[in-house]
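Proteins get letters first, then strands, A, B, ... in listed order; numbering begins at 1 in each. The model shown is predicted, which means the values in this text are computed figures rather than measured ones.
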Number of protein chains: 2
Amino acid sequence: MTGLTFNSWQAIQDEVMRRIHARVWPPGTVIPNEADLALEFGCARATVNRALRALAEMGILERRRKAGTRVALHPVSRATLDIPVIRQEITERGQSYGYQRLSCAILRPPAEIARTLWINPASDALHVSALHLSETRPFVIEDRWINLTTAPAAAAQDFETLSANEWLVVTIPYTHGSIRFTAAAATAQEAELLCTTPGAPVFVVERLTWDHERTVTLARLCYGPGYSITTGIGTPS
Amino acid sequence: MTGLTFNSWQAIQDEVMRRIHARVWPPGTVIPNEADLALEFGCARATVNRALRALAEMGILERRRKAGTRVALHPVSRATLDIPVIRQEITERGQSYGYQRLSCAILRPPAEIARTLWINPASDALHVSALHLSETRPFVIEDRWINLTTAPAAAAQDFETLSANEWLVVTIPYTHGSIRFTAAAATAQEAELLCTTPGAPVFVVERLTWDHERTVTLARLCYGPGYSITTGIGTPS
DNA sequence: CAGATTATTATGTATAGACATAATTGCAGA
DNA sequence: TCTGCAATTATGTCTATACATAATAATCTG
């Protein structure tokens, strides 16, 4: 008996975390139910629910109706990354942003692109490639295909001064998507644009976005050597 | 007046999303307050709060006390990645897992490592390097330094059959940490271990974990060519 | 008029009670 | 014994009300 009453959901969260850390509730343990915990902590069940739900969202607890709440066996660390618009990514580092369009054309996409975008391989799509600069130095190559069925307004744009990256976020909303991170060797063309040598390791981000049932755009962002993404993990506490 | 009543927080969330998409509330708009929305939707304020809070966590809305709730200007896409234990990462792909320890020794860490781990450069730390295999093929090189002040029990382990990766998660808890993703060129040693050529692009993940005020471990995971991390973005809807 | 103080307001959170829902458990019938 | 239905149970959620808190707006004072 602690005798103390925890009256905020944060305090309850901390106490639950403390017990998990202290191995009072080792991984795999089914912890007492909400009603019992509420009684022990001297608070309402809703408050306990709030605390446990937040921990479940972080991947520390696993909850299932009727089965109860258990401490996750493999506490996978969950990292949330914010992927800003490229301009923002650069200006947030206190550097000046530059943009240079390389090409913009409506053309027949390669078979693989057509398949990924779920469009008829015989129909056209908008292809835009551009270079984003940080302090006059090349930062990232943007190679993008836009589904004109979903975003017909894109055909009227030339993306000469405004990047497709920015135009899309303020014009064509998306409901969901997927993102992929890889390391690749720079092609001859990429190397030249990024002022590096062919075969140099580049960080590649591929994004595919959807608006409900339709694909919006497929973007391949190719970051030069030295680029890294950093974020925090674990309980922000 | 819609006349319809939205009685679940999910329905309210959907309706708010619909209005944002339909540009009824374009980016930057301050939306009506919770009380008014509750009245309009015919539900309790707590229900509206639940819906809006979830959207704020996703980065779609920005909320501040008194100032109100506004639609985010730059809807940064937020991706949450689950970083599992390496064994799990491999077995979840339906492949067999193999482990091979390369070295394990208590020694004086390089200056940079000591600084990152916040330990006295004159004191020792535990260094472990290992190779994780997927279907007998090299998958990732683990190069790790463990702070023996925080995890003294690690000194008694030889990590011959159980990887430090797994031993740590079940033995030494951590409260928070940071993670970094980069592309790098394989060194001669890394190339040999990963059965590739020196200079080949490798995907590098660096993780530093803390337990309250003390560092626990610094791990560098070096994934062979072809490796990629994929995750979803946007509203899981 | 500047600066400090107070009022207002929107979000944040707690509570008690109720009902909804999913999933397990156990019982009953074939 | 196996199958299927029903009881149980823990989480999930909604409501109405209340108070806390932070930040802005308004007001008062030197």
When B/Pro32 and A/Arg65 are each assigned the nearest nucleotide of DNA chain C, the 5'-most assignment goes to B/Pro32
Are A/Glu15 and A/Arg18 close enough for a salt bridge, meaning some N to O gap below 4.0 Å?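 Result for this pair is yes, salt bridge flagged.
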Looking at A/Glu40 and A/Arg19, does any basic side-chain N land under 4.0 Å from a carboxylate oxygen? yes
Would you kindly give the [atom1]-to-[atom2] distance between [X] and [N], to the nearest whole Å?
X: A/Leu52; N: D/dG12; atom1: CG; atom2: P; answer: 9 Å
X: A/Arg63; N: D/dA10; atom1: CZ; atom2: P; answer: 12 Å
X: B/Asn33; N: D/dT24; atom1: CG; atom2: P; answer: 16 Å
X: B/Leu55; N: C/dG12; atom1: CG; atom2: P; answer: 12 Å
X: A/Asn7; N: C/dG12; atom1: CG; atom2: C1'; answer: 14 Å
X: B/Leu61; N: C/dG12; atom1: CG; atom2: C1'; answer: 16 Å
X: A/Arg70; N: C/dT24; atom1: CZ; atom2: P; answer: 11 Å
X: A/Lys66; N: C/dA20; atom1: NZ; atom2: C1'; answer: 16 Å

Strictly by modelled atom types, are A/Thr80 and B/Arg78 linked by a side-chain donor-acceptor pair under 3.5 Å?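 Note: A/Thr80 and B/Arg78 side chains miss the donor-acceptor criterion.
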For [N], does OP1 or OP2 lie under 4.0 Å from any side-chain N or O of [X]?
X: B/Arg50; N: D/dC14; result: no
X: A/Thr69; N: D/dT11; result: yes
X: A/Thr47; N: C/dT13; result: no

Comparing A/Ala46 and A/Arg64 on DNA chain D - which has the more 5′ nearest nucleotide: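 Its nearest nucleotide lies further toward 5', so the answer is A/Arg64.
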Is atom CZ of A/Arg137 surrounded by more than 12 heavy atoms (other residues, nucleotides or ligands) closer than 6.0 Å?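 Incorrect, the count does not exceed 12.
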Just compare D/dA23, D/dT13, C/dT11 and give me whichever is closest to any side-chain atom of A/Arg45. D/dT13
Identify which nucleotide among C/dT13, D/dT11, D/dC14 has an atom closest to any side-chain atom of A/Trp9, counting heavy atoms from C-beta outward.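 The closest nucleotide is C/dT13.
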Over all strands shown, is A/Asn49 touching base, sugar-phosphate only, or nothing at heavy-atom distances under 4.0 angstrom?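 The residue A/Asn49 makes base contact.
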Using side-chain contact (heavy atoms from CB on, under 4.5 Å) as the criterion, point out the one residue from B/Val48, B/Leu37, B/Asn7 that pairs with B/Cys43.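 Of the listed residues B/Val48, B/Leu37, B/Asn7, the side-chain contact (heavy atoms from CB on, under 4.5 Å) partner of B/Cys43 is B/Val48.
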